[in-house]
Amino acid sequence: MGIGMRSSSRRYLKAVAISAGAFVLFGIVTGLIPNPLYIRQVPRTPLDYLFLTTTAAFLGVYTLQRTNNQRNDDKTATAGTVVGFLAFGCPICNAFLLALFSSSALMTHFDPLRPLLGIVSVVFLAGLLYSRSQSSCDACGMEEQGSQTH
């Protein structure tokens, strides 16, 4: 197996690990994966699982696309992830939101917006992944450098 293949395999393995890790971590922290550490106060919905899965998958693909010589889109990826987390997280279990607002205000005003936040997150992350897929890749950059030196 050549160096390029090993590097590619490592990138895929890292992307799968990031995706699976994000799914498990976010799933446990939000109570979407039932666990003894955290009891979710709001019923789980299929949309919660959809946005959890989509966010974790997009993080894996983002990791796969990420290279050293590409532009830095970490802020956009972070924003998409945070908005996604708010979309599938329990609104009254989020200590930050609960500190800012009452639980009744969160359930009345924030909870109905969670599906919209999930859509915004998907659009953010999908747009980021699309724009990154349109830029040059590592192999393309190496091919260009190789052709310039000959």
| field | Pairs touching residues 21-40 that satisfy side-chain hydrogen bond (donor to acceptor under 3.5 Å, both in side chains), sequence neighbours left out | value |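 Counting only pairs at least two positions apart or across chains, the side-chain hydrogen bond (donor to acceptor under 3.5 Å, both in side chains) contacts touching residues 21-40 are Arg40-Asp48.
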| field | Listed once per pair and sorted, the side-chain hydrogen bond (donor to acceptor under 3.5 Å, both in side chains) pairs that draw on residues 95-108, sequence neighbours left out | value |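 For residues 95-108: Ser102-Ser104.
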Give a yes or no answer on whether the side chain of [X] reaches the backbone of [Y] with a donor-acceptor pair at less than 3.5 Å.
X	Y	answer
Ser133	Tyr130	yes
Thr55	Leu52	no
Arg11	Thr63	no

| query | Would Leu64 end up clustered with Val16 when hydrophobic side chains under 4.5 Å apart are linked, directly or stepwise? | reply |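 They do not share one cluster, since no chain of ILVMFWY contacts under 4.5 Å joins Leu64 to Val16.
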Could you state the interatomic distance from [atom1] ([X]) to [atom2] ([Y]), rounded to the nearest 0.5 Å?
X	Y	atom1	atom2	result
Ile33	Arg44	CD1	CZ	10.0 Å
Leu59	Leu125	CG	CG	6.5 Å
Gln65	Ser131	CD	OG	8.0 Å

Compare every heavy atom of [Y] with every heavy atom of [X], then report the nearest pair and how far apart it is.
X	Y	value
Leu117	Val83	O-CG1, 3.2 Å
Ser19	Ala56	OG-O, 2.9 Å
Pro91	Phe110	CB-CD2, 3.6 Å

Do [X] and [Y] have side-chain heavy atoms sitting under 4.5 Å apart?
X	Y	answer
Leu37	Val29	no
Thr81	Phe124	no
Met107	Pro112	no
Asp111	Leu106	no
Asp74	Tyr62	yes

| field | Test log, rule side chain to side chain contact (heavy atoms under 4.5 Å, CB included), inputs Val61 and Arg132 | value | CA-CA 10 Å; Val61 175; Arg132 290 180 71 79; over 6 Å; no
| request: Can you tell me which residue pairs pass the disulfide bond (SG atoms under 2.5 Å apart) test with a partner in residues 80-126, sequence neighbours excluded? | output: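 Every pair satisfying disulfide bond (SG atoms under 2.5 Å apart) with a residue in residues 80-126: Cys90-Cys93.
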| said: Taking side-chain contact (heavy atoms from CB on, under 4.5 Å) as the definition, give me every residue that meets it alongside Leu47, ordered by chain and number, with sequence neighbours left out. | reply: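 Per chain and number, Leu47 pairs via side-chain contact (heavy atoms from CB on, under 4.5 Å) with Thr45, Leu50, Phe51, Pro115.
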| message | According to salt bridge (Lys or Arg N to Asp or Glu O under 4.0 Å), does anything in residues 15-33 pair up with another residue at least two apart or in another chain? List the pairs. | response |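 The answer is none; no pair qualifies.
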| message | According to ring-ring contact (aromatic ring centres under 6.0 Å, His included), who are the partners of Phe85, at least two apart in sequence or on a separate chain? | response |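 Only Phe26, Phe88 meet the ring-ring contact (aromatic ring centres under 6.0 Å, His included) criterion with Phe85.
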| query | Is it true that atom CZ of Phe23 has more than 12 heavy atoms of other residues, nucleotides or ligands lying nearer than 6.0 Å? | reply |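 More than 12 within 6.0 Å, yes.
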